[in-house]
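Report on one structure; see the data block that follows.
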Amino acid sequence: MSNVHPFPAGGKSAKHLRKKRKRLTAYGPALLLQDIDSQPVDVLDAIIQAGSLYLAQDGQEPTADELASPCAQFLRTIQGMNALTEAANVLIYEAQRYPELTDQEKVNWLVQRAKSTHKVMRKLDEMLPTDEFILSSNSYGPDFMAEYATNAAMLVVSYFAEDLLVYYDENFIQTKKDRRKTMMIDFRDAYREVIQDCQIHINAHDYLL
């Protein structure tokens, strides 16, 4: 992802910082929306931070624990999906608070996208072999299935992240001069690179199958 802003370093929480003062980002003042508990959330930052939960950083070597757990990447992708779902819930709650300002068809579309993402992830989780089975097997089959499920999960979750950024752009970025517009485009392109890379791997798996 050398042509776009890298995702924040892995390990950071995608949950919002609960500060009452006005938050600043590299692109100026953050737009804070309220969640269901009336806490301020920078949704754009939350969507970006979600990527740090499941996307490896350039040049970052896997840890010993990750090497010992073939399904670790899949589990991190679920964490990313959960963080994105929290961001989606804030957007949906905002639309419910101000229905006169929001296209309800787009809100319904966002709800359906969240539901479909969770449905696909549940199916992928069901097909995922356990770490123990993968490590004890003399066949490459279980490892192959885990790799396929992980790439598919990263693809699905990254599509969901892109959809959230598009929704955010349409509803909360006022003009092209809004400094958050650049931030949104940079990380949308980053997620798109992930999508392209995962699609290449999945096509290779399909060819082998």
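Side-chain contact, N82 with E86: no donor N or O sits under 3.5 Å from an acceptor N or O. Between the side chains of R76 and Q79, no donor-acceptor pair is found at a separation under 3.5 Å.
For the pair S52 and Q49, the tightest heavy-atom approach, listed with the atom from each and the gap, is OG-O, 2.6 Å. Residues L32 and P40 approach most closely at CD1-CB, 3.9 Å, considering heavy atoms. The two residues P142 and P129 make their nearest non-hydrogen contact at O-CG, 3.5 Å.
The backbone N or O of G51 sits less than 3.5 Å from a side-chain atom of Y191, completing a donor-acceptor pair. D37 places no side-chain N or O within donor-acceptor distance of the main-chain N or O of Q39, the cut-off being under 3.5 Å. Judged purely by atom type and a 3.5 angstrom limit, N171 uses its side chain to pair as donor or acceptor with the backbone of Y167. Looking only at distances, a side-chain donor or acceptor of T102 sits under 3.5 Å from a matching main-chain atom of Y98. At least one donor-acceptor pair under 3.5 Å links the side chain of N203 to the backbone N or O of Q199.
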field: Working for side-chain contact (heavy atoms from CB on, under 4.5 Å), residues D35 and N89
entry: CA-CA 8 Å; D35 65 11; N89 286 338; over 6 Å; no

- request: Would you sort out whether S158 and Y54 count as a side chain to side chain donor-acceptor pair (under 3.5 Å), showing the intermediate values?
  value: CA-CA 10 Å; S158 297; Y54 72 99; 2.8 Å; yes

task: Start with the C-alpha gap between N108 and Q112, add the side-chain angles, then the distance that decides, and say whether side chain to side chain donor-acceptor pair (under 3.5 Å) holds.
output: CA-CA 6 Å; N108 292 336; Q112 292 305 314; over 6 Å; no

field: Y168 and R180: CA distance, side-chain angles, deciding distance, side chain to side chain donor-acceptor pair (under 3.5 Å) verdict
entry: CA-CA 10 Å; Y168 182 91; R180 290 172 301 137; 2.4 Å; yes

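A heavy-atom distance below 4.5 Å is not found between the side chains of E147 and Q73. Using a 4.5 Å heavy-atom threshold, the side chains of L84 and V157 count as touching. Contact check for L110 versus I92: side-chain heavy atoms found under the 4.5 Å cut-off. The side-chain heavy atoms of D125 and F74, taken from C-beta on, include a pair separated by under 4.5 Å. Residues M183 and L44 meet the side-chain proximity criterion, which asks for heavy atoms closer than 4.5 Å. Two residues are said to be in side-chain contact when any heavy atoms from C-beta on lie closer than 4.5 Å; L128 and C71 meet this criterion. Inter-residue side-chain proximity for Q104 and P99 is flagged as met; some heavy-atom pair is nearer than 4.5 Å. Residues Y148 and H201 have side chains not in contact (no heavy-atom distance under 4.5 Å, counting atoms from C-beta outward).
Counted within 6.0 Å of CD on Q34, heavy atoms from surrounding residues, nucleotides or ligands total more than 12; the atom is thus considered enclosed. With a 6.0 Å radius and a threshold of 12 heavy atoms from other residues, nucleotides or ligands, F133 has its CZ atom at or below the threshold.
Linking Ile, Leu, Val, Met, Phe, Trp and Tyr whenever their side-chain heavy atoms come within less than 4.5 Å leaves Y93 and L91 in two separate clusters. The hydrophobic cluster containing I134 does not contain I78, counting ILVMFWY residues as joined when their side-chain heavy atoms lie under 4.5 angstrom apart, directly or transitively. Taken together through direct or relayed side-chain contacts under 4.5 Å among Ile, Leu, Val, Met, Phe, Trp and Tyr, V107 and I36 form parts of separate hydrophobic clusters. F172 is connected to L164 through a chain of hydrophobic side-chain contacts under 4.5 Å among Ile, Leu, Val, Met, Phe, Trp and Tyr, so both are in one cluster. V166 and V111 end up in different hydrophobic clusters when Ile, Leu, Val, Met, Phe, Trp and Tyr side chains are linked at under 4.5 Å.
One finds the CD1 atom of I173 at 9.0 Å from the CG atom of L31 (value rounded to the nearest 0.5 Å). Within the model, atoms CG of L165 and CD1 of I47 stand 4.5 Å from one another, a figure rounded to the nearest 0.5 Å. Interatomic distance, M121 CE to F160 CZ, rounded to the nearest 0.5 Å: 11.0 Å. Annotation: the span from S69 atom OG to L75 atom CG amounts to 6.0 Å, rounded to 0.5 Å. Here CD1 of I195 is found 10.5 Å from CG of D189. Values are rounded to the nearest 0.5 Å.
Of the residues R188, R192, R113, the one that meets the salt bridge (Lys or Arg N to Asp or Glu O under 4.0 Å) test with E162 is R192.
For the salt bridge (charged side-chain N to carboxylate O under 4.0 Å, His left out) test, no residue two or more places apart in sequence or in another chain qualifies with K123. Taking D131 as the reference, nothing meets the salt bridge (charged side-chain N to carboxylate O under 4.0 Å, His left out) condition, with sequence neighbours excluded.
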